[in-house]
Structure formats: structure tokens, C-alpha cells
Amino acid sequence: MELKSFNLLIVGIGGQGVISAIQILAWAALLDNYKVRTAETHGMAQRGGSVSSFLRFGNEVEGPLIPSGSSQVIIALEASEAVRNFRYADSNTIFLINNKIIVPPTVHLMNMEYPDLDSVQKFLEQISSNVFIINGHEEALKAGDIRSLNVYMLGVLVGSEKLPIKQKTLENSIRRFVPRKAQIINKIAFQNGIENGKIIKEEIE
Amino acid sequence: MSVPHFVVSNPGSHVILLGNEAIARGILEAGVIIGAGYPGTPSSEILSTLAKMYPYFSHLKIEWSINEKVAFEVAYGGSMSNVRSVVCMKHVGVNVASDAFMTAAYAGARGGMVLVSADDPNCYSSQNEQDNRYYGLHALVPVFEPSTPQEAKDLIKYAFEFSENFQTVVLFRTTTRLNHGRGDVVLGEIEEIKREYGFDWDRSRWVCLPSHSRVLRLRLLERLKEISEFANDFPYNYLKISKKRLNGKRIGFVSAGIPYAHLMDALNHFGVKDDVSILKLGMVYPPPKKLIKKLFSSVDKILVVEELEPFIENILKQIAYDEGLSKEIEIHGKDIFPQNGEFSAELYLENVADFVDLEYNGVPVPNDLIIMPPRLPILCPGCSHRASFYAIKQVEKKLKTKFVNSSDIGCYTLAVYKPLESLDIEVCMGGSIGFANGISKIQSKGNPVLAILGDSTFFHSGIPALINAVHNQNNILVMILDNRSTSMTGFQDNPGTGIKITKELGTKVNIEDLVRGCGVSPENLWVEDSNNLLEMIEKLEKAVKADGVRVFISRHTCSLVEANEFKAKQIVPPTVKVDPEKCKGCLICVNDFGCPSIIFDENEKKAIIEQDTCRGCKVCIDVCIHDAIYEVEE
């Protein structure tokens with residue numbers, strides 16, 4: 001319980017489950033007796049726009065915002081959104097990147113280039129050597145619903161053992177926030193995520 | 001999911017609450033009965049949380065009011081009746097409510113009365129970033145400002161007691177990061193208020209005619225004096241004096257709200273929290289003069305950390321001047337922190353380091369940056385507004401003219417972006433019709449003038465402007481985009497649906513009846529389903545060409561609301577596909593219509609409809625000029 005502060009950022013697109021994931025983590029951090037703060041994107045920006053939500057917990061957290069270079073973990077439910085938020089990372093940051101790029105529809109109209117997965121990875125690797133491209137999209141579908149993507153990614157994080165929250169606590173929190181009908185799917189997604197996370201754990205520098 | 005955790009009535013329970021949920025919980029704990037408001041980001045969840053509490057606490061009398069002014073009046077009527085009452089709105093909503101607020105400040109509160117204002121530094125979901133602390137200064141009403149969800153809950157609970165003790169309305173100011181951030185909160189007791197409720201027939205107080213108001217004004221000034229004196233003992237104002245020096249200087253900070261929390265993070269980061277003096281204000285107006293004077297005598301220089309205007313800074317400078325200390329003490333604020341936008345966490349680190357002469361090195365930026373095109377919010381797949389604006393554009397094309405599209409606040413404002421790019425004005429709620437009134441006086445012989453607004457916005461403040469157009473014969477076409485929902489702020493119901501905030505059945509108000517009642521002649525009223533594109537274009541052309549004040553109601557349920565309705569009724573929406581044989585790759589559906597479910601296969605040079613996001617609205621079938629889009633027969 002001697003943790004001063006743990007900072008985590010989840011990014012994605014409105015509707016992908018960024019806020020739910022933050023909510024699950026925040027409740028779990030509370031159950032593990034930490035002081036908790038979050039900052040979330042609600043309202044207008046959610047209409048298919050970029051969404052980023054901050055989570056901070058520990059004994060020394062007051063405000064909800066994370067300073068640049070201070071996020072221990074960045075989870076991207078859409079890969080390119082990690083690039084948009086790179087300034088929160090430093091050389092130790094662990095990037096868990098879902099392998100899906102969703103090109104904003106307006107890019108085509110503006111005749112602009114949009115980065116592909118490969119260039120996203122290369123860019124992030126300039127910052128940190130812990131960039132992991134996760135097969136989240138397919139794994140969530142395999143679990144039974146794309147909406148379990150956020151919980152799958154939380155599983156990966158737990159498996160990597162980089163989250164100072166107990167697995168059991170997180171499972172309790174997931175049960176609390178996932179609708180009854182989706183419980184089994186999310187349980188599968190979470191377990192599969194953990195398995196994948198264990199592999200990543202070996203690779204983290 | 002069981003009982004929501006903001007409802008749990010066990011005092012001492014430790015839970016996570018969104019700032020707005022914490023405020024709602026504080027309202028509940030204070031024994032409030034009346035709650036009113038108008039939806040507006042970032043304030044909306046306060047009242048909707050109270051609505052979720054209602055099944056467990058049926059004493060709550062809550063409503064979405066027609067606009068913020070009426071909402072304020074509803075709550076104030078509660079206060080007049082000796083009931084604790086709250087009214088919630090976003091910052092610009094206070095402008096609408098201000099007519100009632102400014103004079104209610106004179107008559108003061110009977111039952112505890114709190115106005116919650118949710119300000120929005122950085123304009124995350126707003127047309128401006130006005131600083132509503134000035135409303136307190138303007139109305140001579142105390143302004144409370146919390147820094148964390150826990151403090152928000154405790155402070156608003158206290159605000160009702162305070163309001164009754166001093167017979168004053170309290171302005172409770174929050175900002176987006178407080179409203180839309182979660183934190184750990186310990187729940188408190190729910191107070192049981194035992195007193196007689198009812199109106200008190202005190203005409204000298206509630207009838208604000210000149211002879212009464214002059215007296216009320218004196219009472220207001222007296223009240224402010226008492227509150228100013230009490231400010232020094234205000235339980236949420238904290239002064240901590242440090243005798244230490246940093247690089248030879250005695251340093252002080254003054255802050256409030258969300259900036260205070262981030263200031264603490266920055267001081268912790270550098271490990272200097274105990275080496276500086278700190279004044280934390282839970283009530284930013286009126287100021288605690290004794291505490292401020294004590295701070296002045298304990299430090300050499302002060303940094304005021306506040307977003308937006310130099311509100312506290314100016315108060316401090318005024319006090320320093322009055323005390324003859326303006327030469328002796330350095331007071332900094334807007335010379336260091338910007339006057340616009342939200343402060344990032346590293347801005348606090350940089351500026352605090354600089355102020356106390358410490359090193360702070362930011363994070364190096366990688367060499368090969370990727371230019372990221374923005375991912376802007378867009379109209380959803382199947383959104384009926386897209387169809388309405390597409391129809392408007394087709395009529396413009398057909399008539400070879402450009403309309404002046406005076407628009408309003410709502411999801412449809414997103415039609416300003418590519419590819420629709422079809423609004424020309426958006427300033428304030430209901431403004432679309434008002435501006436059109438004026439523009440039509442100049443443009444009436446040239447380009448047609450359209451006022452385009454949503455159902456909720458029409459109810460909110462469009463109606464007076466429509467009557468104005470009828471009365472003064474201002475030649476405009478008002479287009480009401482009735483999607484039967486206040487979608488942008490979270491799909492709240494409104495008089496058009498007839499459903500109340502508690503989901504109980506209210507009385508439905510018919511927009512056609514209203515329009516005719518405003519004096520629009522029946523032949524100048526058109527109604528069409530927004531998604532019937534061809535009929536829309538045909539009728540809209542007639543409406544544009546007609547004379548006088550005309551109203552066109554373009555109606556289709558919000559696609560997100562409709563999708564949920566379909567799901568509940570187990571209705572399968574139509575499946576729509578592109579026939580690759582017929583698709584010429586002309587890109588009209590992609591580049592002109594711009595539904596995000598239609599994507600273009602660059603290899604095949606054909607449009608494809610993404611089945612997992614398509615809502616089956618079928619509008620693109622009519623958009624395609626090559627008959628390549630079709631509904632799959634089941």
C-alpha cells in the first residue's frame with residue numbers, strides 16, 4: 001500500500017468502452033484501498049470523436065490529470081489514438097495497442113494520409129521499447145462480442161503483472177459493471193487476455 | 001447491476017462517484033426536495049442521477065424544465081415554500097437564468113437554494129468558456145467551489161445549511177474536470193428535515209417592485225457583510241502557513257477548485273508542500289479578508305493558481321491595495337498562467353518549478369512525428385440530421401442559390417464539418433430564429449434565410465423568436481429538426497416526447513399545434529419524415545419558395561434512440577447493401593452524403609456499407625444516382 005501514484009491512460013473512439021474500462025479499474029483501485037481520481041471524455045466529443053480517459057490511484061494523488069511523460073501504462077482500443085496521446089509516455093511506459101486502425105471518415109475528404117499499424121508501432125517504439133500490439137479485435141470477437149474488447153485489454157494488463165491491483169479485485173469490479181447478459185463473454189475475454197498478458201510479461205524490459 | 005452505489009444509504013460507505021454523482025449525492029444528503037435544470041454538458045448527470053435516486057427516494061420532486069430560467073424559477077419557488085431546492089445547468093445556461101437569479105439575490109433564500117453552474121474551460125462542449133464566478137460578484141451572492149468529488153458532495157450539502165443560515169442563494173461553481181472525473185467518496189447521512197412547508201405570503205420580500213427592492217438591496221449588502229466576516233471561519237477555507245523559505249523567499253499559493261488539486265500534485269512532485277504557505281478557498285467569494293491578510297504578512301510573494309479569469313488574483317490585489325501593501329507583496333497570477341483554456345498537468349509543474357526556482361525538464365519529443373489528422377465528432381450512422389442537411393443542399397443546388405443557414409445548439413451543429421458544411425451561424429440556444437429575423441430584413445430579396453434548430457432548442461427559446469417573426473413579418477423559413485430527443489447531452493426527453501425525467505408519463509406538447517398557435521398559417525407549415533429524402537427535397541423546395549413565415553418540421557427519431565427502441569421491440573432494422581455491378585465509384589455517397597457506415601474500397605473503386613455500424617435508415621438508397629444501393633429483401 002506504499003504506492004505514491006499509478007497513472008494509466010485509456011484512449012480510443014467514442015463508443016469503444018473507454019469509460020467503462022476506467023470505471024472498472026477505478027472501482028477495483030478503491031477496493032484495494034487506494035485514493036482514486038479519473039478524468040473522462042463525455043458529451044459532444046463522444047460522437048465518434050477521439051476519447052481519452054485518465055486514471056490515477058495511490059496515496060499521493062489529488063488532481064485527475066496526468067502530466068506528460070508520466071503514464072505508466074497506455075491502453076489504446078484503437079491503435080492510432082495512442083499516437084495522438086504519445087506525450088503522456090516516457091521510455092518506461094507500457095503501450096498495449098489493439099491492432100485495429102479505424103480511419104476517421106473525414107480523412108478521405110481532406111486528402112490526408114492516415115498512419116497504418118506499422119507506422120504507429122514504429123513511432124511509439126521511438127519513445128518506449130515496451131510497445132505491444134495486441135490481437136484485441138479478433139480476441140474480443142472470439143469471446144463472443146466486440147464490446148468485450150475493453151475487458152480483454154484489462155486482462156492483458158493483469159497478465160503482464162504491471163497493474164498494482166489484485167486480479168481477484170478486478171474480477172469483482174468487472175462483475176459489478178458488466179451487464180448480466182454479457183458476464184460470461186467478458187469472463188472469457190478477461191481470462192484469454194490474462195493468458196496473452198503472461199506472454200507479454202516475459203518481453204517487458 | 002444492483003442498487004446504484006450513489007443510492008446506498010449506509011453512511012460511511014466508501015464508493016467511487018463521478019463528480020456529478022457526488023454532487024447529486026450531496027443534494028440527497030442535504031434533504032433537498034425540489035431539483036430542476038436544463039440538460040447541458042458538463043452538468044447533465046447531476047439531475048439524471050437524482051432521477052435514478054427517485055425510485056428509492058420518492059420525496060424527490062425533480063424535473064427537466066423547459067429552459068434554465070424556468071428551472072431557476074421552479075427551484076426558487078421551492079425555496080419560497082421553505083423547501084431545500086437545487087437548480088443545475090451549464091455555464092451558459094446561467095445567462096438564460098440570470099434575469100431571475102439577479103433579483104432572487106435581493107429577495108434571498110427561505111428554504112436552502114443552490115444554483116449549480118458547470119463551467120467548461122477549454123470549451124470541451126461549449127460555445128464559450130465564460131467564468132461564472134463573476135455571477136457571484138455581479139449578484140453579490142456567495143460562490144462555492146469544490147476541488148474533489150468528496151469535497152463536492154460535502155460542500156454542496158453544507159451549501160443548503162449555509163443558504164438558510166444567511167438567507168442567501170448560493171452559486172456552486174464547478175468545472176468539467178470536476179463534473180466528469182471520478183473519485184473515492186465516503187457517503188454521509190441523509191438529513192431528515194422536519195419543518196412546515198408552504199408559501200409564506202411575505203409580499204415585502206417576494207414582490208420586487210421599486211419600493212421593496214430598495215429595502216431588499218440594503219438587506220443584500222448587509223447579508224454580504226455578514227458572509228464576508230464569516231468567510232474567515234468558513235469550514236472549507238484552509239490557510240496553512242509555513243515558516244520555511246525556498247531559495248531565501250517565503251512563498252505562498254492561493255487556489256480553489258480543480259486547479260488546487262493539481263497544484264497539490266505539483267507541490268508533492270517537487271516535495272515542497274510543507275515549505276510553502278497555502279490558502280485554499282472553498283468559498284471564492286466573498287473573500288476571507290483576515291486569512292488573506294495573515295497570508296500577506298507571512299510571505300514575500302504569492303502565486304494565484306486559477307483557470308480562466310484573474311478572479312481571485314484581482315480580489316487579492318484589491319485587498320493588498322486597501323491594506324497599503326501593494327508595494328510590499330508580489331502577487332502573481334495571469335502573468336504566469338494563461339487566461340484561456342484548461343491547464344495541463346505539466347503546466348502546473350513547469351510554472352510551480354519556475355516560481356519556486358526549481359528545475360523541471362519536460363519529456364523529450366521524438367524526432368519523427370506523425371501528423372495526425374483530427375478525429376472530429378461526427379453525426380452518427382443513420383442520423384436523421386444528415387438526411388435533413390443533405391436535402392437542404394439538394395434544394396440549394398436545384399434553385400442555384402446559397403441559403404443563409406442560421407443554426408443552433410445541438411448535435412446538428414456537427415453539420416458544419418465536412419462533407420455537409422452547411423451551417424453558417426451558431427451562437428446560443430434559440431439564436432437561430434432570432435438571428436434569422438434580423439438577417440431577413442437585409443437578405444429578404446436575395447438569398448433565402450433558414451433558421452435550423454432542434455426540437456428541444458425550439459422549446460427552450462425558439463418559440464418567442466418565432467412569434468417575433470410572425471408579428472413583425474420577418475420573412476424566414478424555420479426548420480425544426482425534430483429527432484424527439486435531447487441527444488447531445490444524453491438523450492433526455494422533452495415536451496415533444498411527453499416523458500418526464502422520472503420516466504413517468506407527462507403531458508405531450510405537439511410542435512405543430514405550437515407552431516400554429518404562434519400564428520404561422522396552416523398552409524405555411526410542412527411536416528415530413530427526415531429520412532424520406534425525395535419527399536423532403538420536393539416539400540422543402542416549396543417551403544423555400546413560399547412567402548411569409550414558414551415552418552418545416554423534419555421529423556425522425558434519433559438513430560441511437562431508435563436503435564434501442566428496435567432492440568427492445570426485437571425489430572430487425574433493414575439490411576442495405578451496395579450492388580458492386582451498378583456502383584460506378586462516383587463517391588457521392590461517401591464524399592457528399594458522408595455516412596460513416598459507407599466506406600470506399602480503394603482497390604475495387606466501389607462503395608461498401610459496413611454492416612456492423614449501418615442502422616438501416618435507407619437514406620443512401622435515394623442518395624445514389626446509379627440505383628446501386630438496395631434494401632436486401634428478407
Side-chain angles (χ1 to χ4, degrees), chain A residues 4-5 13-14 22-23 26-27 29-30 34-50 54 60-70 80-81 83-84 86-87 89-90 103-110 112-115 119-120 122-123 126-127 146 176-177 179-180, chain B residues 1 14-16 18 41-42 44-45 124-125 147-148 177 179-184 258-265 268-269 343-346 348-349 362-363 365-380 411 414 417-419 488-490 590-591 594-596 599-600 612:
Chain A
K4 270 189 175 176
S5 72
I13 302 171
I22 286 287
Q23 209 173 356
W27 190 266
L30 172 91
Y34 293 118
K35 217 164 134 183
V36 184
R37 296 285 182 270
T38 81
E40 303 164 10
T41 315
H42 291 234
M44 184 171 189
Q46 266 186 289
R47 296 276 174 273
S50 299
F54 304 88
E60 226 178 60
V61 297
E62 302 292 340
L65 299 178
I66 299 175
S68 60
S70 307
S80 70
E81 291 302 315
V83 177
R84 235 182 265 286
F86 78 86
R87 68 188 186 93
D90 73 354
V103 179
T106 44
V107 167
H108 195 82
L109 299 169
M110 293 187 285
M112 289 180 81
E113 291 281 310
Y114 206 76
S119 52
V120 165
K122 281 201 181 105
F123 173 78
Q126 289 183 86
I127 303 164
I146 185 62
R176 184 182 179 97
F177 289 102
R180 194 170 302 148
Chain B
M1 292 240 306
H14 205 181
V15 298
I16 295 278
L18 191 68
T41 314
S44 312
E45 298 85 359
Y124 283 107
S125 327
S147 297
T148 65
R177 290 300 178 190
N179 302 108
H180 287 168
R182 279 169 229 272
D184 47 304
I258 281 286
Y260 171 78
H262 288 119
L263 171 66
M264 286 302 110
D265 279 330
N268 276 329
H269 177 91
F343 302 162
S344 65
E346 57 274 13
Y348 291 94
L349 292 169
V363 185
V365 174
N367 297 327
D368 302 315
L369 284 179
I370 299 183
I371 309 294
M372 289 293 289
R375 188 189 297 280
L376 298 167
I378 42 170
L379 294 171
C380 303
C411 286
L414 296 174
Y417 295 132
K418 277 179 191 298
M488 186 63 99
T489 50
V590 178
N591 282 358
C595 175
I599 51 172
F600 193 67
D612 51 344

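The chains referred to below are lettered A, B, ... by the order of the sequence lines, with proteins before strands, and numbering in each begins at 1. The basis for the numbers below is simple: all heavy atoms, side chains too, and nothing from hydrogens, waters or symmetry mates.
- Heavy-atom distances place both the backbone and the side chain of A:Ser80 under 4.5 Å from chain B.
- Proximity to chain B is limited to the side chain of A:Pro105, based on heavy atoms less than 4.5 angstrom apart.
- Within the 4.5 Å cutoff, no side-chain heavy atoms of A:Lys4 are placed close to those of A:Val61.
- No side-chain heavy atom of B:Val365 sits less than 4.5 Å from a side-chain heavy atom of A:Arg87.
- If you tally non-hydrogen atom pairs under 4.5 Å between each of B:Asn179, B:Leu349, B:Leu263, B:Leu369 and chain A, the highest count goes to B:Leu369.
- Contact annotation for B:Phe343: only backbone heavy atoms (N, CA, C, O) come within less than 4.5 Å of a heavy atom of chain A.
- Heavy atoms closer than 4.5 Å to chain A are found in the side chain of B:Ile258, but not in its backbone.
- Residues A:Ser68 and B:Glu346 share a closest heavy-atom pair of N-OE1, 2.9 Å.
- Of the atoms belonging to A:Pro64, heavy atoms from both backbone and side chain fall under 4.5 Å from chain B.
- In this structure, chain B has a heavy atom under 4.5 Å from the side chain of A:Ile127, while its backbone stays farther away.
- Chosen from B:Arg177, B:Lys418, B:His269, the residue pairing most often with chain A at heavy-atom distances under 4.5 Å is B:Arg177.
- For A:Phe123, the ring pair (Phe, Tyr, Trp, His ring centres under 6.0 Å) criterion is met by A:Phe86, not counting sequence neighbours.
- Distance alone, capped at 3.5 Å, is enough to place a donor-acceptor pair between the B:His262 side chain and the A:Leu65 backbone.
- Among residues two or more places apart in sequence or in another chain, the side-chain hydrogen bond (donor to acceptor under 3.5 Å, both in side chains) test is passed with A:Glu62 by A:Lys35.
- Other residues, nucleotides and ligands contribute over 12 non-hydrogen atoms within 6.0 Å of the CD atom of A:Glu60.
- Contacts between A:Glu40 and chain B at a heavy-atom distance below 4.5 Å involve backbone atoms as well as side-chain atoms.
- Looking at A:Ala29, neither its backbone nor its side chain comes within 4.5 Å of chain B, counting heavy atoms on both sides.
- Side-chain contact between A:Gln126 and B:Asn367 is present, with heavy atoms from C-beta onward closer than 4.5 Å.
- Chain A forms the most heavy-atom pairs under 4.5 Å with one residue out of B:Val15, B:Leu18, B:Asp612, and that residue is B:Val15.
- The choice from B:Gly181, B:Cys380, B:Gly183, B:Pro373 that makes the most heavy-atom pairs within less than 4.5 Å of chain A is B:Pro373.
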